[in-house]
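Read through the structure below, which is laid out as structure tokens, and then see the notes.
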Number of protein chains: 2
Amino acid sequence: MKNESSTVENYIKTIYSLCDKNGKTTVSAVAERLQNNPASVSNMVRRLHEKGLLENKSKLILSKEGNLLARQLIRKHRLWETFLVRVLNFKWEEVHDIAEQLEHVHSPLLTERLPVFLKYPKFDPHGDPIPDKKGNLPDLNAIPLTEAEVDQLYIFRSVATDKSDFLNYLNKKGLQLGQKWKVTEKEEFDGSVKLLIDENREVYFSETVAQNF
Amino acid sequence: MKNESSTVENYIKTIYSLCDKNGKTTVSAVAERLQNNPASVSNMVRRLHEKGLLENKSKLILSKEGNLLARQLIRKHRLWETFLVRVLNFKWEEVHDIAEQLEHVHSPLLTERLPVFLKYPKFDPHGDPIPDKKGNLPDLNAIPLTEAEVDQLYIFRSVATDKSDFLNYLNKKGLQLGQKWKVTEKEEFDGSVKLLIDENREVYFSETVAQNF
DNA sequence: GTAAAATTTTAGATTAATCTAAATTATGAA
DNA sequence: TTCATAATTTAGATTAATCTAAAATTTTAC
Ligand SMILES: [Mn+2]
Ligand SMILES: [Mn+2]
Ligand SMILES: [Mn+2]
Ligand SMILES: [Mn+2]
């Protein structure tokens, strides 16, 4: 695995996260996500293909190598987030932006020793699965809140985004991983839900929030 | 303190480390150290001055701000080296290159919490002093081996370089910080010395090695 | 005090990564 | 099918960071 620039690495991560079930995405989706101009993305797509990170010259499908690179970056990102929370006592809403930088530090030795020290964590502080060395993801075995059945009991396993504004909102509402909850009411007209948390506390979520839970 | 690029930060660190007692250095010295062309350095000097990091347009003297930036980078570098050795069980010859990358991670929160976790270390794994938040350096109170008097007892406090080839050489000879030593013989014609380590082991050092000890 | 040598700066190019504007190509609705 | 709209690519510029070659300046040596 060659040492790519942070820019190239961020493109690969973005493409990976935007790929649909057929493993592909579009120039405009990548441009939108990175807040770059489509022309810049188009230009980068050519370069990524030249580097062998994309399957096809114009299709925006990651090659085997590109896919592995993406998973290794996600692995590093989530290991660093885990480290920051567990070792340096960061809160879950504080770690993402720092991990965005730390994931680009190139050191096989460090990438090997960090998980040893952390005792091979399977999930990061947001409940996201940490790929192993070879890029295999542990099974999260979870469903999104929007698909939860009324009155069925669930456990809060992960959040769909680790952006700090959303996590701060959850903090304010007293929501944490590991809590038990069930949907007690579901409003069809606006997609909002009423939850019972730990059998003793009621919370209302808008559809927007529910989609990230 | 603005977020400068890693390139700018490395120039500032280099200038800081090359400055003489008058606080200045030269284009050619910086070019030599960074293995860059003098023309590139000349161009960067102009930019550094525009950023307010150099006192003078052509003199290569750090401004107050440039000086503080250099010390903060050295602080981060040495804190990360300490972390890698103490927490992740790295050896002293393994940490420098990784710290060269980690020192460029921008996060006031991380820079604040890392030393808290490490209990405010004063010296890094190579015995180098760690500047405090404001850039003040603790006093090392040490003399170089080349200035040691014969038969006077000393304690091994720091190494003058943390390049891995030199540290591997010291490892091979069984040298570690904290050991007691004295010079038993000094050869005038080639500058080599004979040392007695921990009162029980003799080691011969060439002048080249002695200068980094 | 000149002249050679060393040092520094300028001029012009290159590469990665971005932009805007324009041209091209693909999609899809009538 | 055809034409309007959307998506993508091309063309041309810009900025940071580098280079080589040449010009200018400073230092050193005689
Ligand atoms: Mn994250
Ligand atoms: Mn995460
Ligand atoms: Mn170091
Ligand atoms: Mn050190």
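Within every chain, numbering begins at 1; the chains are lettered A, B, ... in the order of the sequence lines, protein sequences first and strands thereafter. When reading the values below, keep in mind they use all heavy atoms of this one structure, side chains included, and skip hydrogens, waters and symmetry mates.
Gln35(A) comes within 4.0 angstrom of the backbone, heavy atoms only, and of no base. If you check every strand for non-hydrogen atoms under 4.0 Å, Ser40(B) touches a base. Thr7(A) comes within 4.0 angstrom of sugar-phosphate atoms only, judged by non-hydrogen atoms across all strands, and of no base.
Under 4.0 angstrom from either OP1 or OP2 of dT20(D) there lies at least one side-chain N or O belonging to Asn37(B). The side chain of Tyr11(B) contributes an N or O atom lying less than 4.0 Å from OP1 or OP2 of dT18(D). At dT8(C), one or more side-chain N or O atoms of Ser28(B) fall inside 4.0 Å of OP1 or OP2 (strictly under the cut-off).
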Mind running side chain to side chain contact (heavy atoms under 4.5 Å, CB included) on Phe90(B) and Glu81(B) for me, showing each step along the way? CA-CA 9 Å; Phe90(B) 278 73; Glu81(B) 287 189 342; over 6 Å; no
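Ring centroid separation for the pair Phe213(A) and Phe156(A) comes in under the 6.0 Å cut-off.
Per the geometry, CD belonging to Glu50(A) stands 12 Å off P belonging to dT15(C), to the nearest Å. The distance from atom NZ of Lys57(B) to atom P of dT9(C) is 10 Å, rounded to the nearest whole Å. Between the C1' atom of dT8(D) and the CZ atom of Arg46(A) lies a distance of 14 Å, rounded to the nearest Å. Rounded to an integer number of Å, the gap from Leu48(B) CG to dA16(D) P is 12 Å. Between the P atom of dA16(C) and the CG atom of Asn3(A) lies a distance of 16 Å, rounded to the nearest Å. As a whole-Å value, the separation of Met44(B) CE from dT15(D) P is 16 Å. The CG-C1' distance, from Asn43(B) to dC19(D), rounds to 11 Å in whole Å. dT20(D) atom P lies 10 Å from atom CG of Asn36(B), rounded to whole Å.
Under a 3.5 Å cut-off, the side chain of Arg78(A) and the backbone N or O of Asp128(A) do not form any donor-acceptor pair. No donor-acceptor pair closer than 3.5 Å links the side chain of Tyr16(B) to the backbone N or O of Gly66(B).
Salt bridge annotation for Lys13(A)-Glu9(A): absent, with no cationic side-chain nitrogen under 4.0 angstrom from a carboxylate oxygen.
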